[in-house]
There are 2 protein chains.
Amino acid sequence: MAADRRTPPRDLPVVETVDASFLEGLLGYNARRASLAVIDVFLRRMAPYGLRPVDFSVLSLVVHNPGITSRQLCTSLGILPPNLVNLVAALERRGLLERHPHPRDGRATGLHPTAEGRRLMDEAERTAAALEAETAARLSATELRTLLKLLRKVYAAD
Amino acid sequence: MAADRRTPPRDLPVVETVDASFLEGLLGYNARRASLAVIDVFLRRMAPYGLRPVDFSVLSLVVHNPGITSRQLCTSLGILPPNLVNLVAALERRGLLERHPHPRDGRATGLHPTAEGRRLMDEAERTAAALEAETAARLSATELRTLLKLLRKVYAAD
DNA sequence: TATTGTTATACTCTATAACTATA
DNA sequence: TATAGTTATAGAGTATAACAATA
């Protein structure tokens, strides 16, 4: 599948600087680039806690919502049930949360943070807040508030 | 790995409505959610053209930058070279672009849109622009401009 | 020696089907 | 009959190492 080398060097155009202006005008393109940039920093700063973004999200919801079920986690975070199983199992093995039978629904399992889970999340959430200010250092506090508001407007009413 | 069913139904908390307020205050969380929502619509509306977001991005850059190299595409879009190969090969097989030797660098290959490639992108880009207005219908034109500007500010200076 | 494009490959993420136990 | 949780598995997306051809 090599290019046709028999073609003589004719009037073929050469690109010096790439024009990406069309893509840069699209919301999807910019939202994706921004989210990748932010998540990249997040990944590096959360590595010491052994938490990927998805682990952070799950454990954060468990800490702020003791007794939350897997189903509620999936709905809140847009994770499919089969993909949550190992996530929760790993956090349980690390002693960061416990599973107890749901008091009112025998099918469900309530997820509860352990003392260690609360302690870790307290640290991790403070790191996340600091990181937030840092990542968005190019934005004023007002700009950051506006950005969050507009982003929520884009996906909230789905 | 079942929950301990011997535990009697004690004072275990039950979550009625999930509190996600901490996550909703994080830029990364909101950027990710927004980008997934926008890309989901994009995916559905571009399916008739047989273009995923990444195909759209690649072909758009080729159309707007005839002669662009794989390396330039990778740098512009944050794709790793090995993962671009099959992408370009597929677009070539569909007759949407052609590969010709680079006039000034024997190692490189220039990518050039075919007439069919230009025609398809013309349609696809008009659909993308329409979709843009639609997806962001909850935002005013001013809000959309502000959102794009702030998103670029987040990732631009990386 | 460095760079472009490529192959092979591995790892993660996401998605679907099917099962169990409870409601 | 429907739902919560689980298993197994398939597919897409993303990553690294190593190579040939050219600079």
Side-chain angles (χ1 to χ4, degrees), chain A residues 1-5 9 14-15 18 32-33 35-36 39-40 43-44 47 50-58 62 67-92 97-111, chain B residues 1-5 9 14-15 18 32-33 35-36 39-40 42-44 46-47 50-58 62 67-92 97-111:
Chain A
M1 203 115 19
D4 186 351
R5 301 274 164 203
V14 169
V15 174
V18 175
R32 176 127 213 279
R33 293 293 298 254
S35 107
L36 288 179
I39 288 170
D40 184 65
L43 249 159
R44 289 200 305 271
L51 296 174
R52 292 162 304 169
V54 66
D55 300 314
F56 179 92
S57 302
V58 167
V62 170
I68 191 172
T69 66
S70 295
R71 166 62 61 178
Q72 288 175 314
L73 272 177
C74 286
T75 304
S76 300
L77 297 176
I79 301 172
L80 291 171
N83 299 329
L84 184 69
V85 174
N86 289 330
L87 242 73
V88 168
L91 293 173
E92 188 186 23
L97 59 80
E98 283 173 359
R99 292 148 32 94
H100 296 294
H102 192 283
R104 297 206 306 259
D105 188 337
R107 299 168 302 182
T109 304
L111 304 175
Chain B
M1 202 116 23
D4 187 350
R5 301 277 163 199
V14 168
V15 175
V18 175
R32 176 127 213 279
R33 293 292 298 252
S35 110
L36 287 179
I39 287 170
D40 184 64
F42 193 94
L43 249 159
R44 288 200 306 270
M46 285 299 157
L51 297 174
R52 293 161 302 171
V54 67
D55 302 312
F56 180 93
S57 302
V58 168
V62 170
I68 192 172
T69 66
S70 294
R71 165 63 60 181
Q72 288 175 313
L73 273 177
C74 285
T75 304
S76 300
L77 297 175
I79 299 173
L80 291 171
N83 299 328
L84 185 68
V85 174
N86 290 328
L87 242 72
V88 168
L91 293 173
E92 189 186 24
L97 59 79
E98 283 172 359
R99 292 148 32 93
H100 295 294
H102 192 283
R104 297 206 307 259
D105 189 335
R107 298 168 301 181
T109 302
L111 304 175

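Residue numbers begin at 1 in each chain, while the letters A, B, ... track the order of the sequences. Only this structure's heavy atoms are used, side chains among them; waters, hydrogens and symmetry mates stay out.
B:Gln72 contributes a side-chain N or O that, together with a main-chain N or O of A:Val15, makes up a donor-acceptor pair within less than 3.5 Å.
Proximity note for A:Val85 (side chain, C-beta onward) versus D:dT7, C:dT6, C:dT4: the nearest is D:dT7.
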- Query: Which letters describe nucleotides 13-23 of chain C, given B = protein heavy atom under 4.0 Å from base, S = only from sugar-phosphate, - = neither?
  - Reply: SBBBB----BS
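To the nearest angstrom, C1' of C:dT3 lies 13 Å from NE2 of B:His102. For the pair B:Asn86 CG and D:dT14 C1', the computed distance is 13 Å after rounding to whole Å. A:Ile79 places its CD1 atom 13 Å from the P atom of D:dG5, with the value rounded to the nearest Å. At whole-Å resolution of the value, CG in A:Leu43 and P in D:dT14 are 13 Å apart. Atom CG of B:Leu87 and atom P of C:dG5 are 14 Å apart (whole Å). At whole-Å resolution of the value, CZ in B:Arg99 and C1' in C:dG5 are 8 Å apart. Atom CD1 in A:Ile39 sits roughly 17 Å away from atom P in D:dG13 (whole-Å rounding).
Heavy-atom distances to DNA chain D give each of A:Leu36 and A:Pro81 a nearest nucleotide, and the one nearer the 5′ end belongs to A:Pro81.
Taking B:Leu36 as the reference, B:Arg32 meet the side-chain contact (heavy atoms from CB on, under 4.5 Å) condition, with sequence neighbours excluded. Partners of B:Asn83 according to the side chain to side chain donor-acceptor pair (under 3.5 Å) rule, which considers only residues two or more places apart in sequence or in another chain, do not exist here. Applying the side chain to side chain donor-acceptor pair (under 3.5 Å) test to B:Arg71 and every residue at least two apart in sequence or in another chain returns nothing. Residues satisfying the side-chain contact (heavy atoms from CB on, under 4.5 Å) test with A:Val14, not counting sequence neighbours, are A:Glu16, B:His102, B:Pro103, B:Arg104. Shown here are the side-chain contact (heavy atoms from CB on, under 4.5 Å) partners of B:Glu98, two or more places apart in sequence or in another chain: B:His100, B:Thr114.
Taking side-chain N and O atoms only, B:Arg71 has no distance below 4.0 Å to OP1 or OP2 of C:dA2.
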